[in-house]
S.K.: 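Here it is: the structure, laid out below.
Order of listing sets the numbers, starting from 1, for every ligand and every atom in it.
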Amino acid sequence: MSEIHTFLKEARLFPPPPEFSDKAHVRHLEEYREMYARSISDPDGFWAEQAETLTWQEKWHTVLEWKVPFAQWFVGGRLNLSENCLDRHASTWRKNKAAIIWEGEPGEIRVVTYGELLREVCKFANVLKSLGVVKGDRVGIYLPMIPEAAVAMLACARIGAIHSVVFGGFSAEAVSDRMNDAEAKVIITADGACRRGSIVHLKANVDAACHSIPSVEKVVVVRRTGETIEMRGGRDVWYHEAMAQASATCPPEPLDSEHPLFILYTSGTTGKPKGVQHSTAGYLLQAAMTSKYVFDLKEEDTYFCTADIGWVTGHSYVVYGPLANGATTVMYEGAPNFPRPDRLWDIIERHRVSVFYTAPTAIRSFVRQGDDWPNRHDMTSLRLLGTVGEPINPEAWMWYHKVIGGERCPIVDTWWQTETGAIMITPLPGATPTKPGSGTLPFFGILPEVVDKEGHKVPPGQGGFLVIRKPWPSMLRTVFRDPDRYVDQYWKRFPGSYFTGDGAREDEDGYFWIMGRVDDVVNVAGHRLGTMEVESALVSHHRVAEAAVVARPDELKGQALCAFVTLKAGAAGSDSFAIEAMKEELKAHVAREIGPIAKPDDIRFTDALPKTRSGKIMRRLLRDIAAGSQTIGDTTTLEDFSVLAKLREDEE
Ligand code: WT7
């Protein structure tokens, strides 16, 4: 019965509404198919044409140099990303168009036009120069979601400094790990961040982190909360004071196409997060192009992506993609449920948002809070919805479609990764009929395939590993200062193809269904974490002997973290009170080491961890145990889990 039910659910097909298609950038599936076929059969010609949409200071001579797995795109070209996002708009009527509409958690609103943003970016680029930052230097950004975050990123891009944004929810320890790996010269932070009605002390975290980051020479501090903080003489500089002195003239530095734009740390299968390194031209091109086609951006749109700039989604789809298109991007500082569960609906109503992009975990929590909250608001301005970050269960998809989209808005379920830089598998909203839970078809130039462990394509309907067969412009170029890890992690498993780490299946219509990670990376509430990372945090506690962390399915967060811990002899008392206290202590310890998002949901103490003869922890067994206590409501998820378990079995 339940299988038939699942089948019926998956068979639902939602063609794009004709009114939408009429005005869309791509209006028919046929049009998409033609363009796609060309992008695959003549990639050089296709990408060369697309690259014409950018402003170049010097034209490239070769589209792609591909020495597997190292790519160079638009070789010989020079351009500046901030010029593409700012100057080319500020020199037209868009000078007075809103680039950023910002709303602070306490309720302030700031509208920054393209003209103003350009001015601020030039000034801050000059501030960075005055602090000794030169092309190629790494600059850390640890800021709340405030316009200065976009200014800081674009100012780095203007002078060729490489930015590395660290999510404001990460701890001092995490800041220090990342900034040390990047050898950051300057860190840009704020006194504090407003979150759920209280203050996160960012500057205090930076102060703590800086004890162990010898490379940091200067810390620039934005005044956000106005709280009293300590300013270290000779090192710390107030943003507003430096800006008051700075000239607003700063020509965009001509940068090589391949000049690194940013490093973003993301969790992998080992204990240490890796610095995913992106390029200038290829990244910009694909961020811009996907923003245009996937979100069908038009001049009059007000576009709102809820991601934080600490994640790649914030880079590509809050800042760079929309700005490259001259669009208006809404930036919200705070928690989605503050002061009430309808904050986002309120923002949509007041700013007349037309395109809205968020994560399935958020959607599931909105479902829980009930339809009354969205129903109170007039959201008829919305014309398109998007999701990203993890598989969306068909029920949540249907809710999003009905309650938020009023059954009128197409939904784009976009699959991509920090490493891919831009959206890879996605519907085009005016062209692709959607199926709830499927990312549908590949974007132009992207050749994904589902393969077995030998790397052979599997027949439709069968689960396997998701690989990408061809290089693409916004692909990561390397792991910062660790090319071996780049090769090992992504290119060793299936030689010549990029391994995504995801399990997937392709159906008879060529639609992709992403099932989740097959490695030890988990997606908790849309945040990517390595289980090893959490394990090393746990064992750094003086009472922990050994720890194994696995994921279990969670209705709200997608996946939850379950930690199996063995304590050093005599560490835990035997009464339940002491055991609970120990669990809390360990959770707090992980929050300190990495950040609150990494706190295990369950901690189970055990005398020993199950191991193979060669001493490997039997994670599969632990996963089954962890999942066992959980009732799983959705059959699709359950099926995917059993396929995943089989795939993992092959791995182990
Ligand atoms: C992993 C990448 C890139 C944006 C945010 C996450 C999962 C992402 C989807 C989707 C199913 C998805 C994959 C992927 N994922 N989007 N639409 N459907 N799964 O970036 O932290 O680099 O995580 O997120 O497992 O590998 P990230």
Side-chain angles (χ1 to χ4, degrees), residues 165 167 169-170 264-269 273-276 278 283 286-287 290-291 294 305-318 320-321 357-364 385-394 396-397 400 411-427 434-443 446 448 450 465-468 474-476 479 489-490 498-505 511-530 533 551 553 557-559 597-598 636-637 640-641 644 647:
V165 182
F167 174 52
F170 278 134
L264 185 59
Y265 286 85
T266 189
S267 300
T269 47
K274 45 188 187 230
V276 168
H278 279 286
Y283 171 82
Q286 222 171 315
T290 49
S291 295
V294 177
C305 165
T306 63
D308 191 282
I309 46 135
W311 312 107
V312 74
T313 312
H315 286 59
S316 302
Y317 299 112
V318 175
Y320 293 134
Y357 189 34
T358 194
T361 182
I363 297 169
R364 287 192 297 268
L385 302 174
T387 77
V388 61
E390 55 181 306
I392 181 164
N393 44 312
W397 195 101
Y400 199 30
I411 296 179
V412 287
D413 175 351
T414 62
W415 177 87
W416 60 298
Q417 308 177 298
T418 304
E419 292 87 344
T420 70
I423 293 168
M424 303 285 277
I425 297 178
T426 177
T434 52
K435 301 181 188 183
S438 171
T440 76
L441 301 167
F443 190 71
I446 308 303
V450 180
F465 304 99
L466 181 67
V467 300
I468 312 290
S474 66
M475 64 192 273
L476 80 163
V479 171
Q489 186 88 41
Y490 305 106
Y498 169 85
F499 178 39
T500 63
D502 279 335
R505 61 174 187 270
Y511 278 39
F512 286 86
W513 299 78
I514 310 296
M515 303 186 305
R517 304 288 306 196
V518 293
D519 54 14
D520 291 320
V521 170
V522 294
N523 225 313
V524 179
H527 298 312
R528 176 153 153 197
L529 290 169
E533 215 176 324
K557 303 207 263 183
Q559 292 187 303
I597 51 168
T636 316
T637 327
D640 286 350
F641 257 80
L644 282 187
L647 291 170

S.K.: Answer yes when R364 and E390 have at least one side-chain N-carboxylate O distance shorter than 4.0 Å, and no when they do not.
M.R.: yes

S.K.: Any side-chain to backbone donor/acceptor pair from S267 onto R528? Under 3.5 Å, distance only.
M.R.: yes

S.K.: Taking any residue with a non-hydrogen atom under 4.0 angstrom from an atom of ligand 1, which ones do you get?
M.R.: V312, T313, V388, G389, E390, P391, D413, T414, W415, W416, Q417, T418, D502, I514, R517, N523, R528

S.K.: Could you tell me whether the side chains of Y498 and T420 share a donor-acceptor contact shorter than 3.5 Å?
M.R.: no

S.K.: Any donor-acceptor pair under 3.5 Å linking the side chain of Y357 with the backbone of T313?
M.R.: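 A pair under 3.5 Å: no.
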
S.K.: Please tell me whether F167 and H527 form a close aromatic pair, meaning their ring centres lie under 6.0 Å apart.
M.R.: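 Yes; H527 has its ring centre under 6.0 Å from that of F167.
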
S.K.: State plainly whether the residues K274 and E533 are in salt-bridge range, i.e. N to O under 4.0 Å.
M.R.: no

